[in-house]
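Heads up: numbering here begins at 1 and tracks the sequence. Here the structure is a predicted model, which means the values were calculated and not measured. What's counted below: heavy atoms across the whole structure, side chains too, no hydrogens, waters or symmetry copies. Ligands are counted one by one from 1 in listed order, and the atoms in each one are counted from 1 as well.
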Amino acid sequence: PAGGGGNGTLPRYVRVNTIKTRFDDAVDYFKRQGFVYQGRASPEMKGVASLSGKTFLLDPHLPGVLIFPPGTDLHEDQLYKAGHVILQDKASCLPAFLLNPTPGSHVLDACAAPGNKTSHLAAIMGNKGRIFAFDLDAKRLATMSTMLARAGVTCHNLAHQDFLATDPGDPKYSHVEYILLDPSCSGSGIVGRLPYEEEERMDAQRLQALAGFQRRMLGHALKFPALRRLVYSTCSLHQEENEEVVRDVLEQHGRDFRLVEALPSWTPRGLGVFAEAKCCLRASPKETLTNGFFVAVMERRQAETEDQS
Ligand code: SAM
């Protein structure tokens with residue numbers, strides 16, 4: 001999973017779970033454990049790559065995300081076991097942060113397990129509203145259920161279901177204004193996940209199959225009638241699964257939806273395979289000290305005024 005940092009080369013990112021604790025209380029806890037708090041890192045993340053010893057920083061881009069030195073193992077930590085903090089790579093915190101659903105809203109998480117982004121969405125919503133969370137994989141859903149319980153999430157509806165088989169016209173979903181779409185991908189951005197030989201086998205045919213699936217998922221998501229904002233994300237570095245998927249789907253749905261600029265202050269942008277691709281953002285171990293990642297944010301176009309006068 002995109003936990004980040006487990007390989008010992010990336011910083012260990014820790015998201016404070018505001019459903020269970022307050023940010024200041026988590027910082028105080030780590031200080032009591034002997035960690036020295038060095039405040040907010042610079043936007044350029046200067047010094048973060050060389051962070052070492054018992055120190056930690058506040059992430060400059062994502063609220064409530066702390067940065068510990070690479071290799072810091074918090075899996076046995078009480079705060080983690082109690083669900084007060086989530087061990088989640090910084091890049092994988094971007095999608096929920098950018099979707100930013102309002103408390104009380106209805107949200108659909110199309111590919112949800114094992115659920116780190118679902119619990120992040122719930123925290124942003126103050127655990128108020130509803131998250132319809134789907135996944136095809138029963139084992140991953142079981143893990144997700146445990147994980148959400150530990151995180152204190154109560155606003156979710158888990159379903160063992162193919163997102164492509166959901167009916168966007170079902171009245172159940174008539175208030176869904178936000179969709180997070182984080183579909184299966186090649187995983188080529190995850191540091192240390194694929195052995196080199198497997199990376200080599202990522203042939204054009206396999207990528208095309210994944211991209212076809214991703215286009216179908218994105219096209220389906222854009223059919224939900226009340227949808228206002230959608231975030232599409234992958235942990236892939238391949239433009240076939242990223243910019244090209246977004247480009248192709250917007251060619252069909254561009255009259256209703258447009259890309260919006262995701263986190264303008266973030267430097268690595270979408271590859272220039274079409275004019276608006278710069279609205280998307282990318283992440284990589286080298287440039288952002290995270291796993292490789294891609295995020296696109298789409299919004300429904302405002303209805304044109306029909307006033308002819
Ligand atoms: N969003 C998750 C998180 O942050 O923990 C990670 C999701 S993972 C990248 C992709 C997930 O999509 C897998 O768990 C897979 O089982 C699920 N999946 C694949 N095809 C699906 C489909 N047609 N409908 C629903 N889920 C699907």
Side-chain angles (χ1 to χ4, degrees), residues 1-6 13-15 17 62 65 83 86-99 101 107-125 131-151 153 156-168 170 173 176 178-191 193-194 206-207 209-224 230-238 241-242 245 249 283 290-296:
Y13 294 98
V14 172
R15 176 169 65 77
N17 176 19
L62 288 156
V65 173
I86 315 282
L87 305 180
Q88 184 174 1
D89 183 43
K90 172 178 174 175
S92 107
C93 295
L94 286 163
F97 170 69
L98 289 169
L99 190 61
V107 180
L108 195 155
D109 190 348
C111 295
N116 274 345
K117 297 184 190 77
T118 317
S119 90
H120 193 191
L121 288 168
I124 291 167
M125 295 158 72
I131 306 177
F132 299 98
F134 301 112
D135 207 280
L136 267 185
D137 186 322
K139 218 171 139 198
R140 284 166 71 95
L141 276 172
T143 309
M144 174 162 178
S145 219
T146 311
M147 188 269 185
L148 291 183
R150 193 170 58 193
V153 177
H156 60 289
N157 268 11
L158 276 195
H160 183 200
Q161 194 176 317
D162 181 353
F163 173 62
L164 289 172
T166 56
D167 173 10
D170 188 326
Y173 308 126
V176 169
Y178 302 92
I179 295 184
L180 185 80
L181 177 60
D182 185 42
S184 300
C185 70
S186 62
S188 59
I190 301 297
V191 175
R193 178 192 273 181
L194 293 179
R206 165 125 201 265
L207 271 185
L210 280 167
F213 158 75
Q214 291 150 352
R215 279 195 298 268
R216 283 197 301 284
M217 295 288 272
L218 184 53
H220 190 67
L222 295 182
K223 291 182 190 148
F224 282 71
L230 173 144
V231 167
Y232 173 78
S233 59
T234 75
C235 54
S236 164
L237 299 172
H238 294 99
E241 299 180 87
N242 297 331
V245 167
V249 173
T290 65
N291 283 300
F293 226 80
F294 172 84
V295 185

Per-atom contacts, ligand 1 versus Gln161 - under 4.0 Å to a heavy atom: 24 (N), 25 (C)
Side-chain touch Cys235/Asn291, heavy atoms, less than 4.5 angstrom: no
Aromatic plane relationship, Phe163 with Phe224 - under 30° parallel, 30 to 60° tilted, over 60° perpendicular: parallel
Contact check: Phe134 vs ligand 1, nitrogen or oxygen atoms, below 3.5 angstrom: no
Close approach of His120 to ligand 1, heavy atoms, under 4.0 angstrom: no
Proximal ligand 1 atoms for Asp182, defined as those under 4.0 Å from one of its heavy atoms: 1 (N), 2 (C), 4 (O), 6 (C), 7 (C), 8 (S), 9 (C), 10 (C)
Ser92 to ligand 1, any heavy atom closer than 4.0 Å: no
No-hydrogen, no-angle side-chain donor-acceptor test under 3.5 Å, Glu241 and Ser186: yes
Taking atom 17 (C) of ligand 1 as the reference point, the nearest protein heavy atom with its distance: Asp135 OD2, 3.2 Å
Which of the ligand 1 atoms, numbered from 1, are nearer than 4.0 Å to a heavy atom of Pro183: 9 (C), 10 (C)
Residue, atom name and distance, where the atom is the protein heavy atom closest to atom 19 (C) of ligand 1: Ser184 OG, 3.2 Å
Short side-chain donor-acceptor distance under 3.5 Å, His220 and Thr166: yes
Ser145 side chain vs Ala142 backbone, donor-acceptor pair below 3.5 Å: no
Protein residue, atom and distance nearest to atom 23 (N) of ligand 1, heavy-atom basis: Asp162 OD1, 2.7 Å
Ligand 1 atoms in contact with Arg140 (distance to a heavy atom under 4.0 Å): 8 (S), 13 (C), 14 (O)
Per-residue contact class, Cys235 against ligand 1 - non-hydrogen pairs under 4.0 Å: neither
Best match, Cys111, Ser119, Ala96, Ala113: closest heavy atom to atom 12 (O) of ligand 1: Cys111
Numbered atoms of ligand 1 (with element) below 4.0 Å of Ala110, judged on heavy atoms: 25 (C), 26 (N)
Protein contact to atom 21 (C) of ligand 1 [nearest heavy atom, distance to 0.1 Å]: Leu136 CD1, 3.5 Å
Donor-acceptor side-chain pairing of Ser233 and Asp182 below 3.5 angstrom: yes
Heavy-atom donor-acceptor pair, Asn242 side chain to Phe294 backbone, under 3.5 Å: no
Residue, atom name and distance, where the atom is the protein heavy atom closest to atom 4 (O) of ligand 1: Lys117 NZ, 2.9 Å
Ligand 1 N/O within reach of Phe163 N/O, cut-off under 3.5 Å: yes
Numbered atoms of ligand 1 (with element) below 4.0 Å of Gly115, judged on heavy atoms: 3 (C), 5 (O)
Region of Cys185 that comes within reach of ligand 1 [heavy atoms, distance under 4.0 Å]: neither
Phe213 N/O under 3.5 Å from ligand 1 N/O: no
Residue-ligand contact Met144/ligand 1, heavy atom below 4.0 Å: no
